[in-house]
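Okay, so here's the structure we're looking at.
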Amino acid sequence: MDPASLAWRIAQLAEKYVVEQTGSANPPVAADDVALERPKKAEFGDWATSIALKLAGPLGASPRDIATALQPRLEAIDDIARVDIAGPGFLNITLDTSRLGQTAAQILQAGETYGHSDGLAGTTVNLEFVSANPTGPLHIGHTRWAALGDSLARVLRAAGADVAAEFYINDQGSQMDLFGESVLAAALGQDPPEDAYQGAYIAELGKAVAEEFPTLAEMSHDEALVCVRESAYHRQLGAIRTSLEEFNVHFDVWFSERQLHVMSTPEGLSLVDRSVERLREQGHVFDEDGAVWVRTTDFGDDKDRVIRRANGAYTYFAADAAYYLSKKDRGFDLTIYLLGADHHGYVHRLKAIAGAAGDDPAVDIEVLIGQLVSVNGAKLSKRAGNIIELDDLREWLGTDALRYSLGRSPADSPLTLEPDVLLSKTNDNPVFYVQYAHARTHQVARNAEAAGVTGEPFDPATLSHATEAELLTALADFPRVVAHAAELREPHRVARYLEDLSGSYHRWYDACRVTPKGDDPIGPEHHARVVLNNATGQVLRNGLGLLGVSAPERM
RNA sequence: GCCCUCGUAGCUCAGCGGAUAGAGCAGAAGACUUCUAAUCUUUUGGUCGCAGGUUCGAUUCCUGCCGAGGGCGCCA
């Protein structure tokens with residue numbers, strides 16, 4: 001029995017007990033209240049629930065008494081072999097191994113879809129991340145969000161959500177002009193403008209556009225600037241796309257900020273024009289000192305924001321508002337932004353836009369803030385001039401090691417990359433630990449096939465070793481881990497799970513042979529074990545896939 | 001000054017209000033004529049930054065303080 005069903009069954013029994021005691025199902029008992037968890041110690045059984053502790057308050061009874069009353073009722077469930085009461089009132093559940101083994105066959109049947117659930121089915125999600133200016137290469141500051149955002153998109157999809165991963169291209173404004181001027185100067189061999197973009201990539205872009213436009217020197221400055229800026233923009237955006245693809249990061253929508261500024265209505269208005277009107281219709285806009293303001297303080301912002309300056313020009317905030325309205329108009333149920341800690345000042349503003357647009361800032365929009373990454377303890381910043389580019393980082397450490405190490409910590413946890421560790425092929429490098437476990441499942445499968453261990457007939461009752469119960473319980477937990485990761489927007493939970501699962505697998509491998517030794521005969525346990533082995537490989541593969549990490553068959 | 005995030009073993013980090021706070025590495029001791037030893041087994045190591053509060057129960061929730069990082073524009 002899978003943990004979700006088990007939790008539901010326990011909740012049913014507990015609620016029945018509450019009704020008997022109090023005459024009503026108040027409070028009702030939900031599966032979440034069961035708090036089914038895998039105990040930290042093997043002697044505590046396969047699953048533990050603190051339901052008796054949780055009911056103690058409402059029922060006014062001691063947790064131990066409630067646990068004593070529930071114990072025989074839980075033991076009556078077919079898949080449960082034994083229930084022990086421990087500590088202050090925990091119910092420690094040991095499953096019937098002969099039934100537990102069925103999990104392995106079920107996993108092979110589900111294949112790539114094992115781990116999928118329907119908790120978010122019917123929910124459409126817009127997930128925006130990276131969203132770098134197309135004026136330079138992606139650097140380490142974008143790398144964590146790229147890894148995290150892509151994994152989150154995969155996890156949300158596994159939970160049934162319909163996700164659009166979106167990259168917002170800031171291709172409008174003075175930074176683009178400065179970028180164009182910088183490349184133009186490089187192309188013509190002139191002195192760079194003040195505060196120019198610098199670096200080898202500017203020189204390369206300059207060379208490329210000089211070849212593309214041989215008559216550049218004869219054009220007027222304005223004409224040349226437009227040619228160079230647009231060409232360099234598309235070249236740079238292409239480079240960003242390539243970097244992300246090689247990092248296994250996929251975007252469904254590349255949204256150009258320019259779409260917001262062009263006239264797109266019959267009245268000759270842009271989406272930005274319309275956004276001001278729409279917010280005004282909702283009653284959150286006012287005029288003061290010649291400027292147009294949004295009363296964002298209505299929604300928790302620390303000050304109101306100007307959306308249109310006294311000189312008639314829109315602020316960047318106007319584009320943000322128009323962009324949010326675009327997402328709203330495209331019909332998403334939930335809009336998620338992934339921002340670095342250096343942008344956390346925008347959180348209130350973004351939420352205020354949602355509120356001003358008539359949405360619920362607490363429900364319809366989520367802003368995830370992530371801490372920055374350091375390498376070997378050195379803080380990286382543009383000011384310090386020690387920025388590392390994504391491409392260099394990837395070539396140095398490899399996509400797998402980089403994706404995995406960035407994906408195994410929660411976003412709000414400060415993270416230090418240690419290149420020495422990531423390049424090592426030992427146990428202290430978790431990605432190798434997990435990938436090695438997967439490769440081992442394939443080696444074992446190859447050996448089993450060669451020896452005639454086919455997996456048929458499959459008798460789950462022979463999977464009776466302690467390490468087999470541990471492994472099977474871990475495998476059964478995978479769908480719940482993925483669903484939980486999606487619900488909390490924390491894909492790192494999948495990585496941590498895979499490390500635990502790999503440990504369980506290695507311990508099992510150490511204790512139980514799949515292919516008989518020497519000339520020993522093939523028994524029913526060997527057939528069952530190859531099924532368990534292959535099921536483990538499937539789950540490791542599915543989990544690594546959610547993290548955008550490859551699952552090699554040989555290492 | 002105000003706001004946000006973080007503070008857990010020597011190091012890198014987990015920990016949905018529950019049991020004696022965990023993992024890997026590092027340190028110590030073991031296991032390869034046997035399916036991949038990139039593995040496994042045993043072991044050393046903690047005032048969960050500090051102080052209060054809520055709770056039957058707090059590393060977890062709330063408040064204050066200390067420390068680290070980041071942010072505060074009619075810039076983009």
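All figures in this text were calculated on a predicted structure; none of them were measured in a lab.
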- Item | A58(B) versus A19(B) - spacing of their C1' atoms, nearest Å | 14 Å
- Which whole number of Å gives the distance between the C1' atom of U43(B) and that of U47(B)? 24 Å
Indicate, with a heavy-atom threshold strictly under 4.0 Å, whether [X] touches base, sugar-phosphate, or nothing.
X	answer
His492(A)	sugar-phosphate
Arg513(A)	base
Gln172(A)	sugar-phosphate
Ala437(A)	nothing
Thr515(A)	base

Answer yes or no: side-chain N or O of [X] and base N or O of [N] forming a donor-acceptor pair under 3.5 Å.
X	N	value
Tyr436(A)	U36(B)	yes
Glu37(A)	C16(B)	yes
Asn92(A)	A19(B)	yes
His344(A)	G71(B)	no
Tyr505(A)	A38(B)	no

- Query: Which nucleotide sits closest to the side chain of Asp412(A): C6(B), C16(B), G70(B)?
  - Reply: C6(B)
- Message: Quick check, does Tyr433(A) stack with G24(B)? I mean ring centres under 5.5 Å and planes off by under 30°.
- Response: no
